[in-house]
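Read the structure below first, then the notes.
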Amino acid sequence: MTTGAFDGRATSDWMRRFAATAYATEAELTALDQQAGDGDFGVNLTAGVKAGERLLDADGNPDGGPSAPLGSMAAAFLDEIGGTSGPLFGLLFQALARTAESAGSALTAAALATGTEEGLAAIRRVGDAAPGDKTLVDALTPAAEALRAAPDGTPADQALERAAEAAWQGVRDTADLSARMGRASYLGERVTGVPDPGAVGIALFFASAADTVREVAPHLR
Amino acid sequence: MTTGAFDGRATSDWMRRFAATAYATEAELTALDQQAGDGDFGVNLTAGVKAGERLLDADGNPDGGPSAPLGSMAAAFLDEIGGTSGPLFGLLFQALARTAESAGSALTAAALATGTEEGLAAIRRVGDAAPGDKTLVDALTPAAEALRAAPDGTPADQALERAAEAAWQGVRDTADLSARMGRASYLGERVTGVPDPGAVGIALFFASAADTVREVAPHLR
Amino acid sequence: MARYFENSTDDLVPDALAGFARAHADVVEHHADSGSLVARHTAAARRVGLLSGGGSGHEPLHAGFVGAGMLDAACPGRVFASPHNRQIYQASLAVARPEGVLHIVKNYTGDRINFGIAAERLAHQDVACARVLVDDDLASDSEAVGAGRRGTGGTLLVEKILGGAADTGLGLTELAELGAAAVRRCRTLAVASAAHTAPTTDEPAFTLPAGELEYGVGIHGERANRTRPQQPVAALVEEMTDALLAAVRPGPGEPVLALVNGLGAVTSLELYGIFGELGRVLDARGVHLARHLVGDYVTALDMRGFSLTLLVADPAMLPFYDAPVRTAALRW
Amino acid sequence: MARYFENSTDDLVPDALAGFARAHADVVEHHADSGSLVARHTAAARRVGLLSGGGSGHEPLHAGFVGAGMLDAACPGRVFASPHNRQIYQASLAVARPEGVLHIVKNYTGDRINFGIAAERLAHQDVACARVLVDDDLASDSEAVGAGRRGTGGTLLVEKILGGAADTGLGLTELAELGAAAVRRCRTLAVASAAHTAPTTDEPAFTLPAGELEYGVGIHGERANRTRPQQPVAALVEEMTDALLAAVRPGPGEPVLALVNGLGAVTSLELYGIFGELGRVLDARGVHLARHLVGDYVTALDMRGFSLTLLVADPAMLPFYDAPVRTAALRW
Ligand SMILES: Nc1ncnc2c1ncn2[C@@H]1O[C@H](COP(=O)(O)OP(=O)(O)O)[C@@H](O)[C@H]1O
Ligand SMILES: Nc1ncnc2c1ncn2[C@@H]1O[C@H](COP(=O)(O)OP(=O)(O)O)[C@@H](O)[C@H]1O
Ligand SMILES: [Mg+2]
Ligand SMILES: [Mg+2]
Ligand SMILES: [Mg+2]
Ligand SMILES: [Mg+2]
């Protein structure tokens, strides 16, 4: 195991922490999507993480490497969750799972950068949103850039912490935008001032990783 | 030419006289059908005789025997007139034309009886009405019977006069009936007291023949 | 002309006829004199011409079933009004074969009279003519209806069976008997959840309270003899199917042909759902569902409803039904 | 459940699917895992599987076009809602050929995203996948519409052409290019005189003042961008046809395929009248009407309206269109 990289157990904990965060913020996410969309983002996200947890439980081998937990989340979000954001999150998890697989037993900051970039590329291919369209792309793009910008050898948790910060900045920026894609686009200027819920979800995902290392897996430091 | 039988000229005059009668009674016929049907019997009948007159004019050979004028009326009523009564009258004319054709140059009382019976049979095959259903069958049936009852050698005009009388009696009887066939049947008891317009049309037809001989073709007596 | 896309109410049918004739010029020919549609191709073996007709507004019936293996001619009247006897007469002359012409007539007074008059005129011309009277509507099967059961959805099945039979060279009497037997073994029941739009007024022909259903409608937009609450389609189809089965009483193993027919505005989703329920009921009753059709075949303009038809085929009928057909609306 | 014949709103689509699969068991197979319909027969020469799908309520599109010579699979979503990416992914795996699978996708955000995700998953499994995006709707051809032109009636023609082409053994890239070329040469325009019945409320999705027309509707019951007075169908069709001709600009003698498509509740009489008018306008403009279809092919539940589609065929497309097809809703 590379020092400062995520093994299977840490990755699994990251996913469970993300789930816990989603439950804890569901009401807030719902409120955001009610202002900027159709109000189901909170439900969609919690349904996804719940399905993901079930698959994590079923897998039962936390030492099997970092790809499996990400793959469980990918399968859950891709297969079980409707709406726009569910499968898009699934694409991010799928790309991370693939990179984790090539990375072997532990996810380095570089592998996380590659996986996030590929996930972002897939999301943009599929959803056709560009930065500035007030979608989760506005959080994911700066997150991917932050991961890539981390100097060689940066521990994964530090890289993810910077990614989370960058994503939160992206979230704040979406509040100033009017929506061009997704359901919010029908509301035009009326959503200016409200941050994009999907972008918040992305920021929560990276932030959960940072928390994981700090609280759950200090051995990785 | 058999004495007392209708030649082509007399038959043609009969048809024209029937036309004149129809025009003269149109308003009355309309009023009857308004009470017992949909109010178009007067129009249907006058449209038929008008088309018949056109064909009589076009034929232009009043000495061609009695079948041609009846055939003209048959073609007019069968081809041009919609509704229920138009084509039914056409069937009567068609049967009379056919008998006239076999009868040769003049229509005897016996031939008129045969033609009327065959016309009645066709009308009943087609329309499925029985005597007592408050339709033109209630005038045509006694008319045919009166023609058949005329002793051998009765002059045609006398036979037709009796047919007209019998038809009028049939018309009076329809006033007491409620309708079972045709549009009037939807009104049930509400048409009791009103004579059937189609039956009136039949009585007018036979009455016009009697008139023909009396006023237009006294040479036939 | 508000709901209806037309040039005028009077133009609706003639314009449709002209467009139909152009659209299906490979199959039918428009005889302008009689206002009828005549098949371009018909089996050489036919000894009897097959002709049907009736009021317009029931499309694809009958024009859509003119062609090889089915009708030789169709005579459309105005909307919901019988064709003129002259139309029928002229078209009959055009398609009569050595053994004459068979008229397939839905049981309505106007149609009976006009087809009857045409038959009288044909007899006058020594053209043999027989009639199959289709009176398959179960809802009008009552003493109170003097005119007898109406002719509805079953007409399509009868026309297909007769078409296949005519192609084998059957004679006029045999065809008339076959048709009568098919009708005897066939019943239809129809319901509606909304009226058609009357072409003259551009308004619904009647209004149904929300949640109500007309049970036992005909194909002219006439109301049914009773209105009752709408119910889940499984229960509705079960009741309708049992009523039909009680009327046609298939013997053990006898093949049943079923038609699930849209009356105009009902969706394809609903029709296939209805077919699924019908299949389930027939399976449960041990009835052999041998053939089926699902679609808009005998309509009532844009009425929102459907009809179910069951026909218990005898051994001869099934091959006639299966025989090839190539018309605008049916081909196999 | 009042206007709709159904067991419940949620059952409408699954019940229809089951009934459809039984009704057309000779042509399609119902894959319950993915909720898709898969062709039982497909040409051995195909090197690419053809798959389409989209929200339900547009029947017979797409399930009615699964079968030999056309689609290998269709994925129906809920009414007017994209299918799930898993449906598409699983059905794609089921029908992928050596050179992969081609997705024919109507241009709507939900469909693009779900088909896109399925394609990502297929790439993940090393299954080659390409997409033909159908965006033929002329009414949404405007800068103001960020999502681009909608995919509507032309989809049927594109699917037929691609089916014929796939049967000749064309590869994935060639098919994708052919499909894109067909879409570029194809435009559709739709109007409605009454809304569909919304399955959730059982009420008309919108109400139109008497005598008014929605000009430029889509196939999801959405209103058009303008309402205007109804007019005689000759004038209406002329205007629509001229707008389409200005968009597709057929060269002299170039063969044009036309689709006169009912949106659900419009009558067959009207559709054929409309076809007649279309033929007259094309004749007058010297346009060669090479092929045509008239009927309900791409619907919006029971919307009372119609669409016109013109596709200018290039020399390769016509034989592909003419190639044999055997599906529930199209066969020749
Ligand atoms: N085209 C797109 N590309 C990327 N993300 C998108 C797109 N459209 C919407 N989103 C994201 O999806 C989120 C909404 O998700 P959700 O509520 O699950 O979907 P829905 O709009 O189907 O209800 C938005 O906040 C936005 O971030
Ligand atoms: N089934 C029938 N058999 C014989 N005559 C009938 C029948 N039905 C109606 N009639 C006659 O037709 C007459 C009405 O004719 P008309 O007004 O032209 O027809 P419609 O009922 O089509 O408007 C009735 O007065 C009756 O005499
Ligand atoms: Mg939402
Ligand atoms: Mg949603
Ligand atoms: Mg009258
Ligand atoms: Mg009348």
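Numbers restart at 1 for each chain; the letters A, B, ... are given by sequence-line order, proteins then strands.
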Give the C-alpha distance, both sets of side-chain angles, the deciding distance and a yes or no for side chain to side chain contact (heavy atoms under 4.5 Å, CB included) between C:Arg22 and D:Leu289. CA-CA 11 Å; C:Arg22 177 167 182 175; D:Leu289 175 59; 3.9 Å; yes
Measure the spacing between CZ of C:Phe20 and OG of D:Ser268 and express it to the nearest 0.5 Å. 7.5 Å
Is it the backbone or the side chain of C:Glu203 that comes under 4.5 Å from a heavy atom of chain D, or both, or neither? neither
Between D:Asp15 and C:Arg280, is the closest basic N to carboxylate O distance under 4.0 Å? no
If you count heavy atoms of other groups shown closer than 6.0 angstrom to CZ of D:Arg326, is the number above 12? no
Quick one: what part of D:Ala18 sits under 4.5 Å from any heavy atom of chain C, side chain, backbone, both or neither? neither
Counting only heavy atoms from other residues, nucleotides and ligands, does the tally under 6.0 Å from CZ of C:Arg78 exceed 12? no
Any side-chain heavy-atom pair from D:Glu59 and C:Leu271 closer than 4.5 angstrom? no
Pick one of side chain, backbone, both or neither for D:Val237, based on which atoms fall under 4.5 Å of a heavy atom in chain C. neither
Let me know if D:Thr299 has heavy atoms under 4.5 Å from chain C in its side chain, its backbone, both or neither. neither
D:Leu12 vs C:Glu270 side-chain heavy atoms within contact, under 4.5 Å: yes
Evaluate the side-chain proximity of C:Leu269 to D:Leu301: yes if any heavy-atom separation is below 4.5 Å, no if none is. yes
Tell me, do D:Thr267 and C:Glu6 make a side-chain contact under 4.5 Å, heavy atoms counted? no
If you tally heavy-atom pairs under 4.5 Å against chain D, which of C:Gly273, C:Gly276, C:Ala194 wins? C:Gly273
Applying a strict 4.5 Å limit to non-hydrogen atoms, the region of C:Leu17 in contact with chain D is neither
Given heavy-atom pairs under 4.5 angstrom as the criterion, report whether the side chain, backbone, both or neither of C:Leu278 touches chain D. neither
What part of D:Ala63 gets closer than 4.5 Å to chain C, counting heavy atoms only: side chain, backbone, both or neither? neither
If you count heavy-atom pairs within less than 4.5 Å of chain D, which of C:Ala265, C:Gly264, C:Ala328 leads? C:Ala265
Quiz item: cation-pi between D:Arg304 and C:Phe5, 6.0 Å / 45°: no
Find out whether C:Tyr272 and D:His24 are in side-chain contact, i.e. whether some heavy atom of one side chain is under 4.5 Å from a heavy atom of the other. yes
Looking at D:Ala23, D:Gly19, D:Ala235, which has the largest count of heavy-atom pairs under 4.5 Å with chain C? D:Ala23
Segment of D:Val260 engaging chain C (4.5 angstrom heavy-atom cut-off): neither
For D:Ser193 against C:Ala2, the heavy-atom pair lying closest together: CB-O, 3.5 Å
